[in-house]
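Working notes, structure below.
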Amino acid sequence: MGWWSSNSNWSSGWQQGSGWQSSQKWNESSKDPKWSDSTKGASQSSWNEPRESLDIKAVGILVEWQDKGPKSFGWISPIFGVPKELEGDAKRHDGDIYVACKDIDHQQPGAIISFSLYKDGQGLGAEKCKRRSVLRFVLPTAATNTLNLPKIEEKSCVAYLRYSVFFPEMEERNLTLRKYLYDAPLTLYELWGEAKDIEDELEKMGILANDDVQILLSRTMAATLESDILKAISDEELPYVPARFRIGLMLAAPLPKGGEPPSTETRLERIKGIMQP
């Protein structure tokens, strides 16, 4: 089901990584993510081509979806996992990887997808696709060095993600960590993966012990929580993010009785409180 799946307004939008609008194609070509009509087609023969399944796992972002009923298809821009010897095959479609509707259950552009590679006469394709869940958090840009993050940052699928970097070491833990490069007082991160893997990583990254970290929520999600642990984040602090998604869950907010600082366990419980199995 993924996280926050009961909140339809959130699940149909940013929870799945799609930015803030509904369309076929996702593109971060400007600081305010834009959408455009598709210009890339797929040969109908790709439905009937024999496949050679490859024992290769990869991760990418679903950048385009063409809704054509039972013949619907899309394109994934790879972030990690495509070997160099196969990059030539991917270049046949500007580096993107074909995905048919029968191989993917969640078709929301902007989502991070894990998948297995196959090869056919049209090039590379994705099968056994699975959308990763996401936790978004922010902290002051001046304090980002207080997190325990891998040293190596890489830009991936730069045709779509000009204002993002990724941390390849995190893929060894079945997680995708994305950092936005907007020039703003707050820095936005996304941690994508299985809910349990994300939960296990929070302490290692120093998130639970960091008083400056806020978990980013939608207004719908925040409506179920106590107001004294929430904070409205201004447009000046976090530009390019719509107001309805700029609610911060303050992990360090004092406990309601006695005003004691919350323990690590309490902070984790606050995050679990917005998670769905």
Side-chain angles (χ1 to χ4, degrees), residues 3-4 10 13-20 26-34 59 61 79-80 110-112 132-158 160-171 173 175-193 197-199 201-219 221-222 229-253 267-268 270-271 274:
W3 290 18
W4 314 315
W10 184 254
W14 204 33
Q15 189 268 341
Q16 297 172 355
S18 63
W20 346 110
W26 185 91
N27 195 334
E28 194 198 49
S29 60
S30 68
K31 289 188 177 181
D32 185 12
K34 301 296 182 184
V59 175
I61 185 166
I79 299 173
F80 301 107
I112 300 290
R132 290 183 166 180
S133 298
V134 59
L135 177 72
R136 292 182 172 90
F137 62 95
V138 298
L139 78 165
T141 299
T144 55
N145 61 352
T146 61
L147 293 176
N148 182 24
L149 303 181
K151 301 299 183 184
I152 298 176
E153 302 177 2
E154 287 185 358
K155 282 199 169 189
S156 298
C157 44
V158 293
Y160 304 96
L161 306 179
R162 291 174 53 197
Y163 296 93
S164 298
V165 292
F166 294 85
F167 297 79
E169 183 181 317
M170 298 294 288
E171 296 299 327
R173 306 172 215 173
L175 294 165
T176 299
L177 179 60
R178 177 181 178 185
K179 174 185 175 182
Y180 285 76
L181 301 178
Y182 300 152
D183 184 12
L186 294 179
T187 294
L188 169 62
Y189 292 86
E190 295 175 344
L191 185 61
W192 296 78
D197 292 332
I198 293 175
E199 178 185 320
E201 193 65 26
L202 296 176
E203 188 167 4
K204 298 175 185 176
M205 292 175 60
I207 292 175
L208 297 180
N210 196 311
D211 290 349
D212 292 321
V213 169
Q214 299 178 63
I215 306 301
L216 212 56
L217 309 178
S218 71
R219 287 175 179 169
M221 297 164 63
I229 63 172
L230 301 175
K231 176 186 176 183
I233 299 173
S234 70
D235 179 65
E236 290 75 20
E237 292 176 294
L238 197 61
Y240 317 115
V241 177
R244 66 184 184 275
F245 298 116
R246 289 201 314 264
I247 307 297
L249 167 60
M250 299 181 291
L251 297 181
R267 298 179 188 213
L268 181 57
R270 286 177 175 173
I271 295 177
I274 59 170

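Scope of the values below: all heavy atoms of this structure, side chains included, with no hydrogens, waters or symmetry mates. The structure displayed is predicted, hence computed values, not measured ones.
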Considering only heavy atoms from C-beta outward, does the side chain of [X] approach that of [Y] to under 4.5 Å?
X      : Y      : value
Val213 : Leu147 : yes
Leu181 : Val165 : yes
Ile233 : Val241 : no
Leu186 : Pro140 : yes
Asp211 : Arg267 : yes
Met170 : Met205 : yes

Distance-only donor-acceptor hits, side chain of residues 149-158, under 3.5 Å, sequence neighbours excluded:
{"from": "Lys155", "atom 1": "NZ", "to": "Arg162", "atom 2": "O", "distance (Å)": "3.1"}
{"from": "Ser156", "atom 1": "OG", "to": "Ile79", "atom 2": "O", "distance (Å)": "3.4"}

How long is the span from the [atom1] atom in [X] to the [atom2] atom in [Y], to the nearest 0.5 Å?
X      : Y      : atom1 : atom2 : result
Ile247 : Lys231 : CD1   : NZ    : 11.5 Å
Ser164 : Tyr189 : OG    : OH    : 12.0 Å
Tyr240 : Tyr180 : OH    : OH    : 13.5 Å
Ile271 : Leu135 : CD1   : CG    : 6.0 Å
Thr176 : Asp197 : OG1   : CG    : 11.0 Å
Glu190 : Arg136 : CD    : CZ    : 4.0 Å

To check you understand the geometry: which heavy-atom pair defines the closest contact between [X] and [Y], and what is its length?
X      : Y      : answer
Phe137 : Ile215 : CB-CD1, 3.9 Å
Leu216 : Phe245 : CG-O, 3.4 Å
Pro185 : Glu237 : CD-O, 3.5 Å
Arg270 : Leu251 : NH1-O, 2.9 Å
Leu238 : Arg246 : O-CD, 3.5 Å
Leu230 : Ala222 : CD1-O, 3.5 Å

Legend entry - For Thr187, side chain to side chain donor-acceptor pair (under 3.5 Å) partners two or more places apart: Thr141
Inset, instruction - Indicate the ring-plane relationship of Phe80 and Phe166, choosing parallel, tilted or perpendicular according to the 30° and 60° boundaries. - result: perpendicular
Inset, instruction - Step through the shown structure and confirm whether more than 12 heavy atoms of other residues, nucleotides or ligands are within 6.0 Å of NZ on Lys179. - result: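 Atom NZ in Lys179 is crowded, with more than 12 foreign heavy atoms closer than 6.0 Å.
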Inset, instruction - Taking Arg173 for its side chain and Glu201 for its backbone only, find out whether a donor-acceptor pair lies under 3.5 Å. - result: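 Not confirmed, Arg173 side chain does not pair with Glu201 backbone.
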Inset, instruction - Indicate yes or no for a side-chain donor-acceptor contact from Thr146 to the backbone of Ala143 under 3.5 Å, with no hydrogens or angles considered. - result: yes
